[in-house]
Amino acid sequence: MKPAIPKGTRDFAPYEMVKRNFIINTITNTYRHYGYRQIETPAMENLSTLEGKYGEEGDKLLFRILNSGLKPEDLKKSDSINAITEKGLRYDLTVPFARYVVMHQNEITFPFKRYQVQPVWRADRPQKGRYREFIQCDADVIGSNSLLNEVEMVMMIKDVFQKLGLGVTIKINNRKVLAGICEAIGVPDKMMNITIAIDKLDKTGWHKVKEELLSKGISPSAILKLEPILQFQSDSISALSFLKNQLSASETGLKGIHEIQSVFDSLSAVNFHFQTIQFDHTLARGLNYYTGAIFEVKVNHPGSNFSGSLLGGGRYDDLTGIFGLPHVSGVGISFGIDRIYDVMDELKLFESINLQASSTQVLFVNFGEEEVKYILPVLQQLRAASINAELYPDAVKLKKQISYADSNKIPFVVIAGTNEITNNQLTIKLMDQGKQETISSGKLIERLKTENIVKQK
RNA sequence: GUGAUUGUAGCUCAGUUGGUUAGAGCGCCAGAUUGUGGCUCUGGAGGUCGCGGGUUCGAGUCCCGUCUUUCACCCCA
């Protein structure tokens, strides 16, 4: 049998995990820094929890789990999929979080700030930057309507990408602005169709968007009114005042503008520099549950033309309502670390970051039973002193053992054979310099501490 | 779901209009060097040419089917 893994899934080698963990740790450290606390939820949820929350497309992309104990005849006689599947793999972390909040509402003190780092699964066709299994890093505040939460989201996004050294543009819009636009052009009931169409504006251009709108039954007169609104491109401040005029008749639209304005005002109060954030009234985002602010992050770094989003998020006013807890608003963001990894790797950004390739700092050579007896207590002393160390398990040729240290990037090798043992000494080999020196066995930790690698921890 | 695309050694790939024992680089193993990695040299192992069928005296090469890879659309992190 030829080993293989399912389409759209991947293995990760140790050298890749070092980089992935660097990204995850950067994000989770930031989350904790801002007061978020971690939870986890199961990989699988009841389908009733997941279905209908992500729009029509989302439902199609759900991985369904076949009920256990099915017999062939059950498959034949079942007239619908629902009769043979009742569980599915989670599609994102936000909906399971809403379910969690409702189930645990009596234990939670609101507002609840949680973060969650777990894989999600989508039965999509894999392609560049798109996987069937990928990790999301979410932070959400639920049970607070304050726009300060939106401000906090933006600041965390900025902090993370700054620490990663990756240039990005944070795009922000508000579903209320989109609703206002639909009101202003006289088709308030077609908001979903319109937002999905205009989301493609930067990709396909106005001509294609117009075609799609017509095919969705939007009247030519409405499209005529929409065109100047969408074509307006400017800096965030001018765009806000332009739309304020355009949407003067729409209470909802004005509210959306006001919300964005408020977020920008707060950001300027903390000297947030505005090159990285951009109000974009054509940003739509397909997920059904957003009602207020929506966020998206795109790469804006010389040398990268990656077009997918690295992060998505927004405010949802009634996601918990579906599960029986109405009137609880939340806002959150979700980093896609797999895409961030791809972009950073392509740009070779990891090379300038001091990543510890191997956690082992010292390898003890194994010459045989007698020598191991001499080594073992020293090995334990190093570990007790928080120095990561290992002993080669087999008494094979020295060449092989040194090569092991070399290919695993272990910086120090300690050699103790009969010569060293009779003099109560150790030979320490500094791999990067190719030098070695013999010291008395009690001085090993002291000697290692003069080297950077040990201090670096 | 739609349209393309890929598949040959562990990895990256070459393989002529169909022709005899299918190659290279890297990696791996061994030796040069019995207690010393990276560099060098020598040798070695490793292939149902994705799978099934067809055409042919003869198929890695041509045809059909199927699976797989990658990419675009849709949608999304």
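Note on naming: letters A, B, ... go to the chains in the order of the sequence lines (proteins, then strands), and numbering restarts at 1 for each one.
Residue contacts shown for A/E56 are absent, as no nucleic acid heavy atom lies under 4.0 Å away. A/Q436 comes within 4.0 angstrom of a nucleotide base, judged by non-hydrogen atoms across all strands. Among the heavy atoms of the strands lying under 4.0 Å from A/L310 are primed sugar atoms or P, OP1, OP2 only; no base atom is included. When heavy atoms are screened at a 4.0 angstrom cut-off, A/D124 is found touching base atoms of the nucleic acid. Residue-level contact check: A/G308 touches neither bases nor backbone, having no heavy atom under 4.0 Å from any strand. Among the atoms of the strands shown, base atoms are found under 4.0 Å from some heavy atom of A/L398. Looking at heavy-atom distances under 4.0 Å, A/G58 makes no contact with the nucleic acid at all. Across all strands shown, A/D59 has no heavy atoms under 4.0 Å from either base or sugar-phosphate atoms. Residue A/Y131 is in base contact, counting any heavy-atom pair closer than 4.0 Å across all strands shown.
With a 6.0 Å cutoff to the six-membered ring centre and a 45° limit on the axis angle, A/R114 does not count as a cation-pi contact of A/Y36. Taking the ring axis of A/F63 as reference, the NZ or CZ atom of A/R122 does not stay both within 45° of it and closer than 6.0 Å to the ring centre. A/R315 forms no cation-pi arrangement with A/Y290, by the criterion of a distance under 6.0 Å to the ring centre and an angle within 45° of the ring axis.
Remark: aromatic rings of A/Y404 and A/Y392 are close, center separation under 6.0 Å. Ring to ring, A/F272 and A/F264 are not that close: their centroids are 6.0 angstrom or more apart.
Rounded to a whole Å, the CG atom of A/L93 is 17 Å from the P atom of B/C76. Distance A/D11 CG to B/C11 C1': 15 Å, rounded to the nearest Å. As rounded to whole Å, 10 Å separates atom C1' of B/C74 from atom CD of A/E212. We find that NZ of A/K7 is positioned 13 Å from C1' of B/U66, with the value rounded to whole Å. The CD1 atom of A/I402 sits 6 Å away from the C1' atom of B/G37 (whole-angstrom rounding). Residue A/N366 contributes atom CG, which lies 15 Å from atom C1' of B/U36 at whole-angstrom precision. In this structure, CG of A/L283 is placed 11 Å from P of B/C76, rounded to the nearest angstrom. Look at CZ on A/R125: it is 12 Å from C1' on B/U69, rounded to the nearest Å.
Judged by distance alone with a 3.5 Å cut-off, a donor-acceptor contact links the side chain of A/R130 to the base of B/C75.
Rounded to the nearest Å, the gap between the P atom of B/C39 and that of B/A14 is 26 Å. Between B/C74 and B/G25, the distance separating the two P atoms is 46 Å to the nearest Å. Here, B/C64 and B/A4 have their P atoms 13 Å apart, quoted to the whole Å. When the C1' atom is used for both B/G47 and B/C11, the distance is 14 Å, rounded to whole Å. Spacing between B/U17 and B/A9 at atom P, rounded to whole Å, works out to 23 Å. Separation of the P atoms belonging to B/U56 and B/A45 is 39 Å when rounded to the nearest angstrom. Across B/C28 and B/U70, the matching C1' atoms stand 28 Å from one another, rounded to whole Å. Comparing the P positions of B/G18 and B/G27 gives a spacing of 36 Å, expressed to the nearest Å.
Both A/N419 and A/E57 lie near RNA chain B, and the one whose nearest nucleotide falls closer to the 5' end is A/N419. When each of A/K400 and A/G129 is assigned the nucleotide of RNA chain B bearing its nearest heavy atom, the one mapping closer to the 5' terminus is A/K400.
In this structure, of B/G35, B/C76, B/C71, it is B/C76 that holds the atom nearest to the side chain of A/R339. Closest contact between the side chain of A/T418 and the listed nucleotides B/U36, B/G35, B/A30 involves B/G35. In this structure, of B/G35, B/C71, B/G37, it is B/G35 that holds the atom nearest to the side chain of A/F367.
Contact check, A/K399 against B/A30: no side-chain N or O comes under 4.0 Å of OP1 or OP2. Taking only side-chain nitrogens and oxygens, A/K429 never comes nearer than 4.0 Å to OP1 or OP2 of B/G37. In terms of phosphate contacts, A/Q127 brings a side-chain nitrogen or oxygen within less than 4.0 Å of OP1 or OP2 of B/A72.
The aromatic rings of A/F335 and A/Y31 sit tilted relative to each other, their planes meeting at an angle between 30° and 60°. Below 30°, between 30° and 60°, or above 60°: for A/F279 and A/H281 the angle between ring planes is between 30° and 60°, a tilted geometry.
For the residue pair A/E420/A/T427, the side-chain donor-acceptor check at 3.5 Å is satisfied.
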